[in-house]
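The next block holds one structure in the form of structure tokens; read it before the comments.
Just so it is clear, the structure is predicted and the values come from calculations on it, not from any experiment.
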Amino acid sequence: MNSSKSTSPLDGDRLRQEALRVLESGAIQQTGTGEALPIDPVQLLEELRIHQAELEVQNGELQLSRVQADEARRYYESLFDGLPIVALVVDAHGLITEANAQAIALFGFRSTAALRQHSVYRLMQRESATSLADCLTQPMDERMVSLPMLVFKSAAAEWLHMEVFIKALTPASGLDRRYLLLMLDRTVELANAGQAHLYETILNHADSMIYAFDPDGFCIFANEASLNFRGQSRSDVIGHTRREWMIEE
């Protein structure tokens with residue numbers, strides 16, 4: 001299209017006004033000095049057609065941009081919703097603005113809309129809520145921050161120990177002062193570690209000498225009584241075979 005014939009919004013208004021004057025006064029336009037100039041209706045019609053064509057092109061570009069934006073939004077929403085872990089987007093005050101399917105199921109909400117504008121702190125133990133609030137109020141760069149053990153209450157009224165990874169969303173995403181929270185449930189691991197520590201404590205306080213070996217003969221456990229009897233440290237025994245520190249007899 002010839003750039004000399006392109007029209008701005010102001011040109012479009014001028015063309016419409018001139019077209020009305022043509023219809024009302026028989027193809028006569030008034031100049032700024034009051035002098036009457038003849039208007040060629042054919043030329044005016046051509047300019048109006050050019051202006052209409054440009055508007056149609058602009059409208060087509062806007063519609064294409066809108067379709068592409070909608071497709072991108074649906075794509076990222078599907079990725080977010082399909083994450084295999086609990087994911088939330090919260091603002092600086094802890095209000096939830098987005099939640100994926102895992103979060104909705106864990107906290108017992110009927111839909112994403114029901115979870116939106118719900119304070120994440122209401123789902124947490126008080127001490128954990130304080131730790132998260134302190135983190136969200138501190139300046140945060142593009143690196144992901146981890147809070148190891150925050151306690152949340154599930155829809156089943158169970159207290160869950162979650163490791164929470166926090167990522168500040170950038171202004172370029174249109175979500176300035178928003179934070180992505182990714183949560184890993186560490187409840188079972190913590191319980192198993194607690195049980196292991198309990199059993200180790202019991203065995204270490206036993207008066208009898210207790211050893212444990214793997215199928216290849218390497219020591220994987222020796223209690224305090226056995227180490228004290230032989231005058232050896234734990235590093236002298238653990239990971240070593242019987243023959244390295246225990247005579248045949």
Minimum heavy-atom separation for [X] to [Y], with atom names?
X      : Y      : result
Met162 : Asp185 : SD-CA, 3.6 Å
Tyr121 : Leu136 : OH-CD1, 3.5 Å
Val145 : Cys135 : CG1-SG, 4.1 Å
Phe213 : Ile220 : N-CG1, 4.1 Å

Taking [X] for its side chain and [Y] for its backbone only, find out whether a donor-acceptor pair lies under 3.5 Å.
X      : Y      : value
His161 : Phe152 : no
Asp91  : Arg178 : no
Asp216 : Phe218 : no
Asn100 : Ala87  : yes

How about [X] and [Y]: do any of their side-chain heavy atoms sit closer than 4.5 Å?
X      : Y      : result
Val86  : Phe107 : yes
Ile166 : Met144 : no
Lys153 : Met124 : no
Leu181 : Val89  : no
Leu123 : Ile96  : yes
Asp134 : Thr130 : yes
Asp236 : His240 : no
Leu169 : Tyr179 : no

- Task: State whether a side-chain donor-acceptor pair under 3.5 Å links Asn223 with Ser226.
- Result: yes
- Atom CD in Gln125, atom CE in Met149: separation rounded to 0.5 Å? 13.0 Å
State yes or no: do [X] and [Y] share one hydrophobic cluster built from I, L, V, M, F, W and Y residues joined by side-chain heavy-atom distances below 4.5 Å, directly or via other members?
X      : Y      : result
Phe165 : Ile85  : yes
Val151 : Leu106 : no
Met183 : Phe109 : yes

- Do other residues, nucleotides or ligands put more than 12 heavy atoms under 6.0 Å from Asn228 CG?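 More than 12 within 6.0 Å, yes.
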- Item | Atom CZ of Arg122: over 12 foreign heavy atoms under 6.0 Å |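 Open: at most 12 neighbouring heavy atoms sit under 6.0 Å from CZ of Arg122.
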